[in-house]
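Each ligand, and each atom within it, is numbered from 1 in the order the structure gives.
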Amino acid sequence: MDIPGIVQLIQASAPAEWMRTSLKAMPIVEAIHVLAAATVFGTILIVDLRLLGFPNTKRSFTRISHEMLRVTWTAFFVSVLTGGLMFAANANTYYGNTAFRLKMLALVVAGVNMLIFQLITYRTVGRWDTGVRPPIAGRVAGAVSLTIWVSLICLARWIGFTKGYNFDVPNDVDLNFQFPTQ
Ligand code: HEM
């Protein structure tokens, strides 16, 4: 089966149907997605800044990265799960959206950058773990990672503004949910 066929199947799946028909599913899932994304970015920011030598090199790099990356991976798992649910709800539209495609590409590039760092630069960490500025390859990995993650978040926000607007209130929306009466 080709990719558009798979996308079609995803959109017709039961979780996708649930995301579309429940009034509260999308806002709740998106809120969890944003919290998970903030945790992914926040923890990666701490590790990347340490690679760049900020705020200092007094604390062990391996200790900071071990402590942070455990949280990063958990939050990443949550963001993939919630992102997948949001994608499923409107898979055809997201699949054709350039910002969405670039966001997925940014995820792959972030992964490749991390892998190169782990397989090459991290092997020498014993020499620069504490009290020494990380080598140029480490600083480049940190700067590249920060650039990719900031771009990814901008692209993610962009999706919402490029997938079409509908300012009409649908007939089946309960406005009392938004404006409670006494
Ligand atoms: C496979 C993984 C992921 C998928 C499939 C995915 C999918 C989505 C989808 C469908 C949206 C809704 C866009 C819209 O209609 O407005 C979204 C929004 C967003 N995503 Fe993801 N996402 C994933 C991972 C991530 C990660 C890892 C991050 C950041 C660390 C992230 C950050 C965001 C942000 C900041 C938004 C915008 C929320 C808003 O509009 O307020 N996503 N994502």
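In this structure, Phe161 does not count as a contact residue of ligand 1, since none of its heavy atoms falls inside 4.0 Å of the ligand.
Each of the atoms 30 (C) of ligand 1 lies under 4.0 Å from some heavy atom of Val40. Atoms of ligand 1 lying under 4.0 Å from any heavy atom of Leu107, numbered from 1 in the order shown and given with element: 1 (C), 2 (C), 27 (C).
Ser145 contributes no side-chain N or O that, together with a main-chain N or O of Ala141, makes up a donor-acceptor pair within less than 3.5 Å.
In this structure, Trp128 places its CH2 atom where more than 12 heavy-atom neighbours from other residues, nucleotides or ligands lie under 6.0 Å away.
Under the 4.5 Å side-chain criterion, counting only non-hydrogen atoms from C-beta, Leu105 is not in contact with Arg101.
Just one of Ile46, Val125, Val47 meets the side-chain contact (heavy atoms from CB on, under 4.5 Å) condition when paired with Ser65; it is Val47.
No other N/O/S atom of His33 lies as close to atom 21 (Fe) of ligand 1 as NE2 does.
Among Trp149, Phe87, Phe76, Trp158, the residue whose heavy atom sits closest to atom 30 (C) of ligand 1 is Trp149. When Glu30, Lys103, Lys163 are ranked by how near their heavy atoms come to atom 21 (Fe) of ligand 1, first place goes to Lys103. Between the choices Ala31, Ala156, Cys154, the shortest heavy-atom distance to atom 34 (C) of ligand 1 belongs to Ala156.
Ranking protein heavy atoms by distance to atom 12 (C) of ligand 1, first place goes to Tyr94 OH, 3.7 Å.
On a distance-only criterion, Arg157 and ligand 1 share at least one N/O pair closer than 3.5 Å.
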